[in-house]
Amino acid sequence: MNQVKPVIIVHGGAKTISEDKLAANHAGCQAAAEAGWKILCSGGSAAAAVEAAIQVLESDQTFNAGFGSTMNSEGEVEVDAAIMDGATLAWGAVAAVQGVRHPISVARKLMEDQPRLLVAKSGEQFALEQGLEMCAKDELVSEEQYQEWQEEANVLDRPNTVGCVALDINGNLVAGTSTGGLTGQPQGRVGDSAVVGAGLYADNQLGACSTTGDGESIIPIVLAKTAIDALAGETHPDQAAQHAISTLKARVKGEAGCILLDRQGRIGWAYNSENMAVAYMTEALQQPAVFTHKE
Ligand code: ASP
């Protein structure tokens with residue numbers, strides 16, 4: 001089989017990014033794209049690249065995933081993540097888990113082990129049994145998030161969900177999404193990020209997508225699948241992404257964003273929030289192209 005040109009795209013959430021956080025969003029997305037790109041370039045799988053890129057974002061408190069996630073009504077970090085493989089349609093997901101350093105890695109293990117969604121304690125138990133990195137649940141709370149929670153601060157530019165889509169040299173597409181959910185959400189609330197079809201989708205026959213935004217609006221629009229379906233007939237991913245966001249806006253007045261690759265590796269993204277942090281890398285570039293706003 002001919003080798004395919006690899007591509008990776010990451011997002012750091014659809015949100016408002018204030019001036020003082022532009023550089024951190026920029027740097028975080030760039031570092032994530034670079035981590036995944038390194039793997040793709042050495043012939044690694046799209047799944048490994050997506051996991052590596054999302055791990056970078058989960059370690060960076062600029063983003064609402066892993067460390068630095070927003071806090072729920074009880075002042076705790078509870079996270080969701082999912083990953084999907086476009087070759088086999090295998091998927092894995094965790095929701096409302098605590099004390100897991102990299103939720104995306106638990107999702108990947110599930111995808112490779114036995115596709116399923118594990119919530120709360122069973123997700124944590126699975127991570128432990130698999131030897132994945134655990135931590136005290138408080139270790140995922142950043143100082144900034146703790147302060148904001150204590151003060152019940154009305155912050156405009158909260159950190160936001162992360163995601164990644166990659167195409168490897170074998171032509172496989174993988175999508176992944178990881179989130180701390182919505183600020184102040186009730187304990188146990190799960191949004192779209194762990195839900196295949198809504199928070200992510202991958203199918204080698206069409207493309208792959210990761211979404212971010214208001215989960216309660218993303219779910220009924222099945223946003224990721226809506227974007228992927230719009231790729232049929234070789235529609236450009238930018239147009240497909242825009243179609244999905246316009247549908248969400250028209251039908252449920254939601255706010256969201258999505259990143260998309262088609263099976264040829266063409267790139268697209270769209271959002272109707274103020275900003276969305278995005279980085280992508282291809283063979284044609286010296287370093288990742290990074291955006292916090294799309295013209
Ligand atoms: N989609 C996530 C959720 O609803 C939140 C986000 O993307 O900001 O849990």
Side-chain angles (χ1 to χ4, degrees), residues 9-18 21 25 28-29 32 54 57-58 60-73 76-84 93-98 103-104 107 117 119-120 123 140 142 145 148 155-165 175-201 209-227 241 244-245 248-249 252-260 269-278 292:
I9 180 165
V10 304
H11 73 75
K15 57 189 169 185
T16 298
I17 306 176
S18 58
K21 294 203 173 133
N25 274 274
C29 285
I54 291 185
L57 298 164
E58 285 176 341
D60 184 337
Q61 61 177 315
T62 309
F63 305 100
N64 178 19
F67 172 62
S69 287
T70 53
M71 294 164 81
N72 67 14
S73 55
E76 293 183 337
V77 163
E78 259 184 358
V79 299
D80 313 328
I83 187 165
M84 182 170 183
V94 284
V97 294
Q98 297 188 311
I104 193 67
L117 162 61
V119 304
L140 298 178
S142 70
Q145 291 306 307
E148 286 177 9
V155 182
L156 211 76
D157 63 338
R158 296 196 184 278
N160 221 326
T161 298
V162 306
C164 176
V165 176
T177 305
S178 182
T179 189
L182 301 178
T183 305
Q185 66 183 10
Q187 207 170 32
R189 175 259 178 198
V190 175
D192 59 296
S193 305
V195 180
V196 165
L200 72 165
Y201 202 80
C209 175
S210 168
T211 73
T212 161
D214 167 21
E216 280 69 13
S217 306
I218 291 174
I219 289 172
I221 299 302
V222 205
L223 190 65
K225 185 68 163 72
T226 296
I245 297 300
L248 171 110
K249 202 174 159 202
V252 294
K253 300 188 174 58
E255 188 178 280
C258 60
I259 54 172
L260 206 52
W269 80 95
Y271 58 92
N272 64 341
S273 48
E274 194 70 27
N275 302 94
M276 181 156 103
V278 169
T292 46

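What you are looking at is a predicted structure, and each value in this text was computed from that prediction instead of being measured. Order of appearance sets the numbers: ligands from 1, and atoms from 1 within every ligand.
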Legend entry - Distance filter under 4.0 Å to Asp192 heavy atoms, resulting ligand 1 atoms: 1 (N), 2 (C), 3 (C), 4 (O)

Legend entry - Atom indices of ligand 1, in the order listed, that fall short of 4.0 Å to a heavy atom of Ser193: 1 (N), 2 (C)

Legend entry - Under 3.5 Å: N/O of Gly181 near N/O of ligand 1: no

Legend entry - Asn64 touching ligand 1 at heavy-atom level, < 4.0 angstrom: no

Legend entry - ligand 1 versus Arg189: contacting region, heavy-atom distance under 4.0 Å: side chain

Legend entry - Whether Gly13 lies under 4.0 Å from ligand 1, heavy atom: no

Inset, instruction - Would you kindly say whether Asn64 and Lys15 are connected by a side-chain donor-acceptor distance under 3.5 Å? - result: no

Inset, instruction - Give a yes or no answer on whether the side chain of Asn275 reaches the backbone of Ile17 with a donor-acceptor pair at less than 3.5 Å. - result: yes

Inset, instruction - Grab the two heavy atoms, one from Gly180 and one from Gln185, that are nearest each other, plus how far apart they are. - result: O-NE2, 3.6 Å

Legend entry - Close-contact set for ligand 1 against Thr161 heavy atoms, below 4.0 Å: 2 (C), 5 (C), 6 (C), 7 (O), 8 (O)

Legend entry - Heavy-atom pair with the smallest gap, counting every atom of Ser178 and Pro103: OG-CG, 4.0 Å

Inset, instruction - Report yes if some heavy atom in the side chain of Phe63 is under 4.5 Å from a heavy atom in the side chain of Asn25; otherwise report no. - result: yes

Inset, instruction - Compute the shortest N/O to N/O distance between Gln185 and ligand 1 and return yes if it is under 3.5 Å, no if not. - result: no

Inset, instruction - Heavy-atom contacts with Asn160 under 4.0 Å: which atoms of ligand 1 show up? List them by number with element. - result: 6 (C), 7 (O), 8 (O)

Legend entry - ligand 1 to Thr179 polar contact by distance, N or O atoms, under 3.5 Å: no

Inset, instruction - Report the C-alpha separation of Val79 and Glu58 in whole Å, then their side-chain angles, then the decisive distance to 0.1 Å, and conclude whether the side chain to side chain contact (heavy atoms under 4.5 Å, CB included) test is met. - result: CA-CA 10 Å; Val79 299; Glu58 285 176 341; over 6 Å; no

Inset, instruction - Provide the number and element of each atom of ligand 1 under 4.0 Å from a heavy atom of Gly215. - result: 4 (O)

Legend entry - Polar atom proximity, Asp80 to ligand 1 (N or O, under 3.5 Å): no

Inset, instruction - Taking the side chain as every heavy atom from C-beta outward, state whether Thr211 and Asp192 have any pair of such atoms under 4.5 Å apart. - result: yes

Legend entry - Contact (N/O only, under 3.5 Å) between Ile218 and ligand 1: no

Legend entry - Residue Lys21 excluded, over 12 heavy atoms near NZ under 6.0 Å: yes

Inset, instruction - Working to the nearest 0.5 Å, report the span between CD1 of Ile104 and CD1 of Ile83. - result: 4.5 Å

